[in-house]
Amino acid sequence: MNSSTDQLKLAILQQIAAVPAGYVSSYGGIAKAVGYPSYSRFVGSLLKTLPKDTKVPWHRIVNAQGKISFPMDSPAFNEQKKRLENEGVVILKGKISKQYFFNF
DNA sequence: CAGGGGGCTAAGG
DNA sequence: GCCTTAGCCCCCT
């Protein structure tokens, strides 16, 4: 606890929480926003460890290509897609337009 | 200390 | 558009 990476995790979670409903961001985008552009993978693995009752809007995070980073057949994929569409994000051919990406 | 892997990315073919 | 390659960085074996 309280190591530099723990602090970074906090910062990342905060940054994700800062993404408004109806918008999305990428793993790398979040990483960059907290000052660590090369931590994209770390962001991903961090989200994976979140409890399912977390308040963090993990579903607003997609990869840089604007696609959901889960296999199409997985439950997680459907869950994320559903939540996003619920918030007004349109997904065409499995892809989210750049216009939905939130700019910090 | 080495190895493998993950909700990644950008660049090439 | 798809696949591969090469960086990337933390974490668990």
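Just the heavy atoms: all of them, side chains too, but no hydrogens, waters or symmetry mates, feed the values below. Chain letters run A, B, ... following the sequence lines, proteins first, then strands; residues in each count from 1.
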Write down the distance between [atom1] ([X]) and [atom2] ([N]), rounded to a whole number of angstrom.
X	N	atom1	atom2	result
A:Met72	C:dG1	CE	P	14 Å
A:Ile12	B:dC8	CD1	P	14 Å
A:Lys81	B:dG7	NZ	C1'	17 Å
A:Gln7	C:dC10	CD	P	15 Å
A:Ile96	B:dG7	CD1	P	18 Å
A:Arg83	B:dG7	CZ	P	17 Å
A:Asn78	B:dG7	CG	P	17 Å
A:Trp58	B:dG7	CH2	P	12 Å

Looking at [X], I'd like to know whether one of its side-chain N or O atoms comes within less than 4.0 Å of OP1 or OP2 on [N].
X	N	answer
A:Thr5	C:dC10	no
A:Lys9	C:dC11	yes
A:Tyr39	B:dC8	no
A:Lys48	B:dG7	yes

Q) Counting only Watson-Crick or G-U wobble pairs whose two distances fall under 3.5 Å, which nucleotide matches B:dG7? A)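 Answer to the pairing question: none, since B:dG7 forms no Watson-Crick or G-U pair.
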Q: Say whether A:Leu10 and A:Ile30 are linked into one hydrophobic cluster, either directly or through other cluster members, by side-chain heavy-atom distances under 4.5 angstrom.
A: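 No, A:Leu10 does not connect to A:Ile30 through the hydrophobic network.
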Q. Shared ILVMFWY cluster between A:Leu8 and A:Phe104, side chains joined below 4.5 angstrom?
A.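 Yes, same cluster.
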How would you label the contact of [X] with the nucleic acid (heavy atoms, under 4.0 Å): base, sugar-phosphate, or nothing?
X	answer
A:Phe42	sugar-phosphate
A:Lys93	nothing
A:Leu46	nothing

(Q) Quick check against the 3.5 Å criterion: does A:Thr49 have a side-chain atom that pairs as donor or acceptor with the backbone of A:Leu46? (A)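 Present.
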Q) Is it true that A:Phe77 and A:Phe70 have ring centroids separated by less than 6.0 Å? A)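 When the ring centroids of A:Phe77 and A:Phe70 are compared, they turn out to be at least 6.0 Å apart.
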(Q) Measuring only the P atom in each nucleotide, how far is B:dG7 from C:dA6? A whole number of Å is fine. (A)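 The same atom, P, in both gives a distance of 23 Å.
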Could you list, one pair per line, each protein nitrogen or oxygen that sits under 3.5 Å from a nitrogen or oxygen of nucleotides 9-13 of chain B, together with the distance?
unit_1 : atom_1 : unit_2  : atom_2 : d
B:dT9  : OP1    : A:Gly28 : N      : 3.3
B:dT9  : OP1    : A:Ala64 : N      : 3.2
B:dT9  : OP2    : A:Ala64 : N      : 2.7

Q | Flag if over 12 foreign heavy atoms under 6.0 Å of OH, A:Tyr23 | A |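 Check fails, neighbour count at 12 or below.
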Q: May I have the step-by-step check of side chain to side chain donor-acceptor pair (under 3.5 Å) for A:Asn63 and A:Ser26, ending in yes or no?
A: CA-CA 5 Å; A:Asn63 66 30; A:Ser26 67; over 6 Å; no
Q. Which sits closer to the 5' end of DNA chain C, A:Ser38 or A:Lys95, going by the nucleotide each is nearest to?
A.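 Mapping each residue to its closest nucleotide by heavy atoms, the 5'-most match is A:Lys95.
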**Q.** Test: A:Glu79 and A:Arg83 ion pair at under 4.0 Å
**A.**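 A salt bridge is present here (some side-chain N lies under 4.0 Å from a carboxylate O).
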Q | Side-chain touch A:Ile16/A:Trp58, heavy atoms, less than 4.5 angstrom | A |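 Of all side-chain heavy-atom pairs linking A:Trp58 with A:Ile16, none is under 4.5 Å.
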